[in-house]
> 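Questions regarding the structure given below will be posed in turn.
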Amino acid sequence: MASCGPGFVPQAVLRDEPEECSQPRCRGKRARKPDGGWYASCRSCLDRRAASCRRRRAALVAEGGCRRCSYRKRLEGDFLCARCREDRDAERTQKRQDALDAAVIDEFAARPDRVHKASNLDCGISPWNARPAKEPSAGYWSPLPDPEPKSEQLWCHSLDDDGWRLSRH
């Protein structure tokens, strides 16, 4: 197994009987997990360790520990430590928000189906960024004025320019 390269898949263990419990001096068989795998310990060892943890936590709470985590000291006049109180408040806020979101979704789902009417909002145009519609002005309908003769267009020639650049020498 030392030469396992990338993509190496170890051979599947096909036996279905559990191995021995990993606790010292216990020869029981491992307990089955709900997903079908195996715990590292047998059921009696798991139950014994869980009871031990419960007793330990109860002793810590009796000495003034937090009722939720049992390790940190409680706040004055409270049964939770500061960290657990913040966590609980955050969880409550999230649960409240989830309930509001679910209510909005349920309300939307309860409405009858109707055909979507296309609008400018589908194109990303809103009343706040839309340009006003073009209106034809009076100049659109009136005839064009007569063109000004070139000789009268004095504005396009400089007063100082006598055209010497354009003459051949």
Side-chain angles (χ1 to χ4, degrees), residues 1-24 26-141:
M1 285 271 233
S3 63
C4 299
F8 174 79
V9 178
Q11 186 175 359
V13 178
L14 299 176
R15 65 174 186 268
D16 197 34
E17 71 274 359
E19 298 175 10
E20 280 191 354
C21 176
S22 63
Q23 301 301 320
C26 181
R27 296 285 173 254
K29 299 292 184 187
R30 292 181 174 195
R32 175 80 76 169
K33 286 184 180 178
D35 65 358
W38 300 101
Y39 284 114
S41 304
C42 64
R43 176 52 54 196
S44 61
C45 289
L46 289 172
D47 293 343
R48 186 178 65 248
R49 292 178 68 200
S52 170
C53 288
R54 281 194 299 271
R55 283 193 306 272
R56 186 166 148 272
R57 288 173 64 100
L60 289 170
V61 169
E63 294 172 7
C66 172
R67 291 260 294 275
R68 191 173 188 205
C69 69
S70 74
Y71 295 106
R72 290 178 289 278
K73 286 290 182 190
R74 287 183 277 208
L75 292 172
E76 191 66 37
D78 198 0
F79 59 90
L80 294 177
C81 63
R83 191 160 126 193
C84 288
R85 173 164 285 285
E86 289 173 8
D87 290 348
R88 189 190 65 181
D89 292 346
E91 288 165 9
R92 283 182 176 174
T93 304
Q94 186 62 48
K95 193 178 283 187
R96 193 175 300 120
Q97 188 60 48
D98 290 346
L100 290 172
D101 294 346
V104 168
I105 291 169
D106 291 344
E107 182 182 335
F108 176 78
R111 285 193 306 201
D113 292 341
R114 53 184 203 274
V115 178
H116 175 72
K117 295 191 188 95
S119 71
N120 284 335
L121 295 173
D122 297 330
C123 308
I125 299 172
S126 76
W128 293 277
N129 69 2
R131 293 190 191 93
K134 291 191 173 75
E135 297 177 10
S137 64
Y140 177 81
W141 300 106

> For Ser137, enumerate each residue passing the side chain to side chain contact (heavy atoms under 4.5 Å, CB included) test, keeping only those at least two apart in sequence or located in another chain.
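Once residues adjacent in sequence are excluded, the partners of Ser137 under the side chain to side chain contact (heavy atoms under 4.5 Å, CB included) criterion are Tyr140.
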
> Working to the nearest 0.5 angstrom, can you tell me the gap between Ser44 OG and Leu46 CG?
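So the OG of Ser44 and the CG of Leu46 are separated by 8.0 Å.
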
> Rounded at 0.5 Å granularity, tell me how far CZ in Arg85 sits from CZ in Arg88.
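The CZ atom of Arg88 is 4.5 Å from CZ of Arg85, to the nearest 0.5 Å.
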
> To the nearest 0.5 Å, tell me how far Arg43 CZ sits from Cys21 SG.
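Result: 11.0 Å between the selected atoms.
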
> Determine whether a donor-acceptor pair (N or O, by modelled atom type, separation under 3.5 Å) exists between the side chain of Ser22 and the backbone of Ala40.
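At least one qualifying donor-acceptor pair exists.
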
> Measure the SG-CZ distance between Cys66 and Arg83 for me, rounded to the nearest 0.5 Å.
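Interatomic distance, Cys66 SG to Arg83 CZ, rounded to 0.5 Å: 10.0 Å.
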
> Within a 6.0 Å radius of atom CG on Asp113, are there more than 12 heavy atoms belonging to other residues, nucleotides or ligands?
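Not buried by this count: 12 neighbours or fewer within 6.0 Å.
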
> Measure across Arg49 and Gln23 and return the closest heavy-atom pair with its distance rounded to 0.1 Å.
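Smallest heavy-atom distance, with atoms named: NH1-NE2, 3.4 Å.
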
> Can a donor-acceptor pair be found, under 3.5 Å and without considering hydrogens, that links the side chain of Ser52 to the backbone of Arg48?
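Not confirmed, Ser52 side chain does not pair with Arg48 backbone.
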
> Spell out, as yes or no, whether a donor-acceptor pair under 3.5 Å connects the side chain of Arg57 to the backbone of Arg68.
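Side chain of Arg57 to backbone of Arg68: a pair is present.
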
> Working to the nearest 0.5 Å, report the span between CG of Leu60 and NZ of Lys73.
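Rounded to the nearest 0.5 Å, the CG-NZ separation comes to 9.0 Å.
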
> If you count the non-hydrogen atoms of other residues, nucleotides and ligands that lie under 6.0 Å from CD in Glu107, is the total more than 12?
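Open: at most 12 neighbouring heavy atoms sit under 6.0 Å from CD of Glu107.
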
> Can you list the steps and then say if Arg56 with Ser70 is a side chain to side chain contact (heavy atoms under 4.5 Å, CB included)?
CA-CA 9 Å; Arg56 186 166 148 272; Ser70 74; over 6 Å; no

> Supply the atom-to-atom distance Ser41 OG to Asp47 CG, rounded to the nearest 0.5 angstrom.
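Atom-to-atom, Ser41:OG and Asp47:CG are 10.5 Å apart.
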
> Between Tyr39 and Arg32, is any pair of side-chain heavy atoms under 4.5 Å apart?
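When only atoms from C-beta onward are counted, Arg32 and Tyr39 do not touch, as no gap falls below 4.5 Å.
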
